[in-house]
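Source: prediction; values computed, not measured. Below, each value reflects all heavy atoms present in this structure, side chains not excepted, and no hydrogens, waters or symmetry copies.
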Amino acid sequence: MNVTPRVFLGLCLVLFIGSPLAALRGSVRERAPRPVAVVFLPVPNQLLVANECGSVSVHSPDSLIKQSEVWIGKKLSDLLLLEDGIHLVALDEADSQAILLSAKSGKLRVLDRIALPRSPVRAEEKDGCVFVSSLWGRALSRIPFRYEGEKSLSWRKEKVQTVRLSFSPREVCSIPGRSLLIVADGFGGNVACIRSVDLELLSLHQIRAHNIQGLGVAQNGQRVLLSHQILNPLARTTFDDIHWGELVSNVIRELQVESLVKQDGNPLQRGRVIQLGEVGRGAADPGPLLRLSSGKTLVALSGGGGLCITDPEGSKEERIPVGVGPMALGLGRSKNGSCVFVVSKLLDTLSRVDLETRRVATVDLVDRIGRVGGGGGEPLTLAKRGERLFYDGSLSHDGWMSCHSCHTDGHTAGLLSDTLGDGTFGTPKRILSLLGVSDTAPYGWNGSLPTLEDQVEKSLATTMHLEGGPEGVAQALASFLKNLPPPPPLSSRRKENEAEWERGHDLFQSSGCMKCHRGPEWTSPLTYDVNLRDEKGLSTFNPPSLRGVGHRNRLLHDGRASSIEEVLGRLNHPGTEEFSKAQIRDLGVFLRSLGGKKSI
C-alpha cells in the first residue's frame with residue numbers, strides 16, 4: 001500500500017492521541033457528573049445514578065464506590081426503573097428525548113430513543129405506559145410499551161400521545177388503583193388531575209403554593225403529598241417578617257384526591273399543612289419527599305437543612321445533615337438494612353442514610369478514587385461557587401429561604417413580593433425571571449441599579465437580611481447569574497403561522513412597542529411612564545425583557561394581567577392605539593416566539 005506523507009502523519013496522530021471522537025468523549029467525561037436521580041436495583045444489588053453530564057453510573061449500595069459508567073445523552077434529568085426491575089427510562093433534557101435502557105444481567109444497554117417536547121424532566125410509570133412531563137414544552141406525553149417475550153420490552157411509538165398544558169409541569173405522580181395522574185407546576189401553584197388512559201384534563205386547581213419540588217401519595221392513594229413554599233404577598237422583606245417565618249413558609253401539604261379530581265371541588269378542604277422549620281431554624285426549599293412505612297414523611301431540605309423526618313402528626317421534626325443543593329431520593333437496602341440514597345447535584349455527592357441508625361456515608365462522585373468521604377473534586381470557580389450560594393438557604397436570616405426560593409432554577413415563581421426593590425414598601429412587585437439577566441441592565445423595576453452586582457448586594461441586604469457572611473458572595477452570585485441563558489420561546493416561528501407572525505412583527509414595530517422593547521434583548525435601559533400606577537402612585541418603570549414572555553402566567557409590574565391578550569386588549573397597553581382582535585392574535589403569535597439566544 002502506498003502511503004503519502006500526509007496520510008502517514010494523520011495515522012501517527014491517531015495512534016498518538018486517539019481518534020477525534022475518542023478525544024471528544026474523553027473531554028466530556030472529565031466534566032463533573034452533577035447527579036440528578038438515583039435508583040436501587042434489588043437484582044443484582046446495584047445502585048444507578050443518572051448524571052446531568054450525560055452518563056449513568058453504577059455503584060455498590062454498600063460502599064457507594066462507582067463500578068462502571070455508561071454515556072447515553074447530553075443532559076440527563078431523571079431516571080425511572082420500570083416495574084419489571086430490568087428496564088429503565090432516562091430523560092435527556094438537552095436533546096428532548098426519552099431513552100429506553102436494559103439492565104439485564106447487571107449491564108446497562110440503550111435499546112431505543114424517542115423525541116419529546118422541549119425539556120423532559122420527570123418520568124412516571126402507569127398501566128403499561130411511561131408518562132413524561134416537559135417543562136419548557138408545557139406538555140405531558142404518554143408512551144405505551146409492550147413486552148416481546150421474556151424480559152424484552154419495546155415502545156409502541158405509533159401510540160404516543162401528548163397533551164399541551166397551560167403551565168410548565170415538573171413533578172408527576174400516579175394514583176394507585178385509579179387511572180389518574182397528578183401533575184404539578186414547575187414554578188407556580190397549578191396542580192392538574194389528568195386521566196391516564198387518554199390524557200384528558202379532568203381538573204386544574206391553583207393552590208397557594210410555588211416551587212413545588214416534591215410529589216407523592218399517602219393512605220393507599222387517597223391523599224397526595226406536596227412539598228412546596230408559600231410566599232405571603234402581604235408580608236414585607238423586613239427582619240421581623242423573615243425572623244418569624246411570615247414572609248416565606250416551607251411546608252408539606254396533604255390534599256384529598258377526591259377534591260382534586262373535581263373541577264368544582266375545593267382541594268384545600270379537609271387537607272392539612274405540616275409546617276417545616278421554626279423560629280431560629282428555617283427549612284429552606286423543601287424538595288423530593290418519601291412516605292416511609294412507619295407513617296413518617298421524609299423530605300429533602302434542599303436549601304441546606306439536610307433530610308427532615310416528620311412524625312405522622314407533623315408535631316416533631318428530625319434533621320439529618322447531608323449537604324446543600326436540590327436532591328433526589330431513592331429507597332433501597334444495603335448490608336445494614338433499609339436506607340435512603342441521596343444525591344446532591346451541586347456538591348457532586350452520593351450519600352446513604354441508614355433509616356435505623358441514622359448513620360450517613362457519603363462519597364464524592366468527582367473523586368476518581370471513589371473513597372467514602374473523599375473530597376477531590378473540580379476546582380470551585382467563581383460561577384460554580386455562585387451556583388451553590390444561589391441554592392443555599394443560609395444566605396437568608398435563620399435559613400428560611402434561598403435565592404432559588406423565589407427564582408426557581410433561575411426563573412420565577414411569578415408571584416408578587418414586597419422586597420423594597422423600588423425603594424418603597426407597600427408596593428409588591430412581580431418577581432422577575434433571572435434567565436438571560438446579564439443582558440438586561442439596569443436592574444430593579446425602577447431601573448435604579450446599574451450593575452448586576454449592585455442588584456445582588458441590595459437583595460442580600462434588604463431581602464435576605466444576610467448578616468456578615470463569607471467574602472465575595474455578591475460577586476460569586478453575579479458570576480453565576482451572568483451565565484444563565486435566556487428562557488426559550490413558548491412557540492416557534494413555523495410555516496403554518498408565518499403570515500400571522502409577519503403581521504405581528506410589523507405591528508409590533510409600527511405601533512411603537514419597539515420604543516421600550518428593542519431587540520435582540522427586547523428591553524431598554526431607560527424608564528418610561530406606562531400609565532399603570534402602583535399603590536404609591538408610581539408609574540415609571542424599566543421595561544422587563546420580553547424573551548420567554550409566553551411562559552409568564554402573570555404580566556405587568558403588579559401581575560394585573562393573566563395573558564398577553566389581556567395586556568393588549570382590556571388594559572390597552574402600551575396605549576398608542578386600540579388593537580382589533582385579529583391584531584391581538586397576530587401580536588400574540590409574534591410575542592410567544594421570542595426567547596432563546598438568537599435575535600429575530
Those residues that, when tested against [X], pass side chain to side chain donor-acceptor pair (under 3.5 Å) (two or more places apart):
X      : value
Arg109 : none
Ser351 : Thr362
His407 : none
Thr162 : Ser141

Inset, instruction - Fit a plane to each ring of Tyr391 and His404, take the angle between them on a 0 to 90° scale, and name the class: parallel (under 30°), tilted (30 to 60°) or perpendicular (over 60°). - result: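 Correct class here is tilted.
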Inset, instruction - Kindly assign one of parallel, tilted or perpendicular to the pair Trp136 and His551, based on the angle between their ring planes and the thresholds 30° and 60°. - result: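 Aromatic pair Trp136/His551 classed perpendicular.
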What pairs of donor and acceptor atoms, side-chain ones from residues 111-120 against any protein atom, are under 3.5 angstrom apart with sequence neighbours left out?
residue	atom	partner	partner atom	Å
Asp112	OD1	Lys157	NZ	3.1
Asp112	OD2	Lys157	NZ	3.4
Arg113	NH1	Ile72	O	2.9
Arg113	NH1	Gln97	OE1	3.3
Arg113	NH2	Ile72	O	2.9
Arg118	NH1	Pro489	O	2.9

Legend entry - Those residues that, when tested against Asp95, pass salt bridge (Lys or Arg N to Asp or Glu O under 4.0 Å) (two or more places apart):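 Residues passing salt bridge (Lys or Arg N to Asp or Glu O under 4.0 Å) with Asp95: Lys74.
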Legend entry - Qualifying residues under salt bridge (Lys or Arg N to Asp or Glu O under 4.0 Å), relative to Asp409, sequence neighbours excluded: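 Applying salt bridge (Lys or Arg N to Asp or Glu O under 4.0 Å) to Asp409 gives Arg170.
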Inset, instruction - With sequence neighbours left out, write down each residue that passes ring-ring contact (aromatic ring centres under 6.0 Å, His included) with His465, or none if nothing qualifies. - result: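 His465 satisfies ring-ring contact (aromatic ring centres under 6.0 Å, His included) with no residue once adjacent residues are dropped.
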Inset, instruction - Taking ring-ring contact (aromatic ring centres under 6.0 Å, His included) as the test, write out the residues that go with Phe341, two or more places apart. - result: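 Partners of Phe341 under the ring-ring contact (aromatic ring centres under 6.0 Å, His included) test: none.
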Legend entry - Flag if over 12 foreign heavy atoms under 6.0 Å of CZ, Arg359: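 Atom CZ in Arg359 is not crowded, with 12 or fewer foreign heavy atoms closer than 6.0 Å.
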Legend entry - Pairs where residues 321-341 contributes a residue and the test side chain to side chain donor-acceptor pair (under 3.5 Å) is met, not counting sequence neighbours: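 The answer is Arg333-Ser338.
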Legend entry - Pairs flagged by side chain to side chain donor-acceptor pair (under 3.5 Å) wherever residues 121-132 is involved - sequence neighbours left out: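 Those involving residues 121-132 are Arg122-Glu171, Glu124-Ser174.
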Legend entry - Verdict with supporting geometry, Arg291 and Glu254, salt bridge (charged side-chain N to carboxylate O under 4.0 Å, His left out): CA-CA 12 Å; Arg291 178 57 65 90; Glu254 291 190 9; 2.9 Å; yes
Legend entry - Partners passing side-chain contact (heavy atoms from CB on, under 4.5 Å) against Pro486 (at least two apart in sequence or in another chain):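 Testing Pro486 for side-chain contact (heavy atoms from CB on, under 4.5 Å), a comparison that skips the adjacent residues, returns Arg547, Lys597.
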Inset, instruction - Could you check Arg385 against Glu387 for salt bridge (charged side-chain N to carboxylate O under 4.0 Å, His left out), going step by step and ending with a plain yes or no? - result: CA-CA 5 Å; Arg385 182 185 176 220; Glu387 183 183 24; over 6 Å; no
Legend entry - Residues His243 and Asp398: side-chain donor-acceptor under 3.5 angstrom: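 A pair is found: one side chain offers a donor N or O, the other an acceptor, under 3.5 Å apart.
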